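No experiment lies behind these values; they were computed from the predicted model shown. Whatever order the structure lists ligands and atoms in, that order sets their numbers, starting from 1.
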Amino acid sequence: MIWNPEKETLSRDQLSRQQTENLKKLVRQVYGKVPFYRHKMDERGIRPEDIRELTDIVKLPFTTKNDLREVYPLGLLAVDRDKIAEVHTSSGTTGKPVVDAYTARDLDIWSESMARTLSMGGCTAADTVQNAYGYGLFTGGLGVHYGARRIGANIIPISGGNTRRQLEMMQDFGSTILTCTPSYALYIAEFAAGNGIDLAGMQLKSALLGAEPWSENMRREIENKLHLKAYDIYGLTEIIGPGVASECEEQHGLHLFEDHFYPEIINPETGEPVKPGEKGELVITTITKEGTPVLRYRTRDITFFLPGACVCGRTCRRMHRLLGRTDDMLIIRGVNIFPSQVEQVLLRIEAVEPHYQLVIERQNKLDRLEVQVEMNDELFSDEIKQLEAVEKMIERELHSELNVHARVKLVNPKSLPRSEGKAQRVIDRRQLTE
Ligand code: DLL
């Protein structure tokens, strides 16, 4: 169901008129209110009046994650402090956290874009949403919560973790929609299987999964194990949280909510827009945001726009599911590798489970990539010789995908760490051993 047909099916003309007006307004606002942006624009010799149409956006400066850290906590605030209604931050594991301060209107827009997202996943007022994203400063929990409230669904605000309880609630309250990270969805399935809990008998019909990279193969795996339809949802703290782009019932690309978040795709090296349909780094301008708006935010997420209109009737542009991040690209002996490529290969192989970790070390100045992957129970009971043959087979498969040798180590079922939130797939020990 389309949550807001008026906004979600605008003609491209109507949409770009609205975007232009909002962009002009935003630029005036940040120039007047945010010294950080005024300086950046002055440095480039740009005045708000120079932004007349959408294509002028390329004159505006980029904003990077580093910029946001430098202005921590509220250096991007574009309204008076007493207009802040709520704040969220990123986890800040690699430096100062990034802050998103919302006004009441921003929260309203967030609720709207999450209501659109949940509707795309089939949620109506009659549904029960089991929300297993973390509540708190992380945007996943409350983002889904606000969207589900807007729709009028029943919400189970269980947050992440306590998997036994998750399954009990699911059964006892007949949850129809599950929201969590894809890796946690898989873990729930694994826990259910290990404890004799029948997922096929549950009421679940869809899962809205995001906050970390996953693949088409992983989708299939989750859909089969949990007996539901799994949707990819995308967002980031710097922009609003989840609700920036989401898959509709077609499950073919994520519709960007362009009336609020203006997207561009650039070549990450040159900063220039790519040719239509080419992949590159997603850049977003929050054209309707009041609290902490950003101009041309460099997400570091890699994707491309899908051509043509979607048969669902929504007119906003679609992007391909994320292909990786410019900063999670690993360079192993000079070869660029994304963890998602490894996942694609592993998920094609029957004898292993979708639980893996990449460990990179440097020995005698040479990078060594080891892929640890859990074998399934069947293989586990096989002979050592058989395991070695499987390791070699996976090594060959990986080599033809990556063009670099990776050692494969099969590990025991359920031995790699499980996560209730974002999974940690890469352990880079190179700095420590150099
Ligand atoms: O992860 C917001 C979110 C919550 C999205 C719940 C979806 C569901 P951050 O913690 O700021 O925000 O992390 C944002 O996570 O730049 C991507 O690299 C990654 N990411 C988010 N969604 C997806 C997805 C939330 N569907 C960063 N596929 C982003 C792949 C994703 N990566």
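Salt bridge status for Glu21 with Lys24: present, with a side-chain N to carboxylate O gap under 4.0 Å. Between Glu238 and Arg300 there is no salt bridge, since no side-chain nitrogen of the basic residue lies less than 4.0 Å from a carboxylate oxygen of the acidic one. Between Arg407 and Glu361 no salt bridge is recorded (no basic side-chain N to carboxylate O distance below 4.0 Å). Ion pairing of Glu216 with Arg321 is present here, as a side-chain N (NZ or NE/NH1/NH2) and a carboxylate O approach within less than 4.0 Å. By the 4.0 Å N-to-carboxylate-O rule, Arg418 lies close enough to Glu190 to be salt-bridged with it. Checked for salt-bridge contact, Glu249 and Arg314 meet the test: a charged N lies under 4.0 Å from a carboxylate O.
Remark: the backbone N or O of Gly253 is not paired with any side-chain donor or acceptor of His320 at under 3.5 angstrom.
At the shortest separation from atom 16 (O) of ligand 1 among protein heavy atoms lies Asp301 OD2, 2.7 Å. Nearest non-hydrogen protein atom to atom 6 (C) of ligand 1 is Tyr133 CE2, 3.6 Å. Nearest protein heavy-atom neighbour of atom 30 (C) of ligand 1: Glu212 O, 3.2 Å. The nearest heavy-atom contact from the protein to atom 11 (O) of ligand 1 is Thr237 OG1, 2.5 Å.
Enclosure of atom NZ in Lys7 is not indicated, since only 12 or fewer non-hydrogen atoms of other residues, nucleotides or ligands lie within 6.0 angstrom. For NE2 of His252, the number of neighbouring non-hydrogen atoms (other residues, nucleotides, ligands) closer than 6.0 Å is 12 at most.
In terms of polar-atom proximity, Leu209 is not counted as a contact of ligand 1, lacking any N or O under 3.5 Å from an N or O of the ligand. The shortest N or O to N or O distance between Pro242 and ligand 1 is not under 3.5 Å.
Short contacts between ligand 1 and Pro213, defined as distances under 4.0 Å to a heavy atom of the residue, involve ligand atoms 30 (C), 32 (N). Per-residue contacts place Asp232 under 4.0 angstrom from the following atoms of ligand 1 (heavy atoms of the residue considered): 24 (C), 26 (N). Interface atoms of ligand 1 facing Gly140, defined by a heavy-atom separation under 4.0 Å, are 4 (C), 6 (C). Less than 4.0 angstrom separates some heavy atom of Phe138 from each of these atoms of ligand 1: 1 (O), 4 (C), 10 (O), 25 (C). For ligand 1, the atoms sitting less than 4.0 Å from at least one non-hydrogen atom of Tyr234 are 21 (C), 22 (N), 23 (C), 26 (N), numbered in the order shown with element in parentheses. Remark: ligand 1 atoms within the under-4.0 Å shell around heavy atoms of Thr139 are 2 (C).
With hydrogens and angles left out, the side-chain atoms of Tyr133 and Thr139 include no donor and acceptor closer than 3.5 Å.
The proximity of Leu236 to ligand 1, defined as any non-hydrogen pair under 4.0 Å, involves the side chain as well as the backbone. Here Ala211 has heavy atoms under 4.0 Å from ligand 1 in both its backbone and its side chain. At a heavy-atom cutoff of 4.0 Å, ligand 1 is contacted by the side chain of Leu322 but not by its backbone.
In this structure, Lys422 counts as a contact residue of ligand 1, since one of its heavy atoms falls inside 4.0 Å of the ligand. Within the structure, the closest approach of Ser90 to ligand 1 does not fall below 4.0 Å when heavy atoms are considered.
By the 30° and 60° cut-offs, the orientation of the rings of Tyr102 relative to Trp110 is parallel.
Considering only non-hydrogen atoms, atom 2 (C) of ligand 1 lies nearest to Gly235 out of Pro97, Gly235, Ser340.
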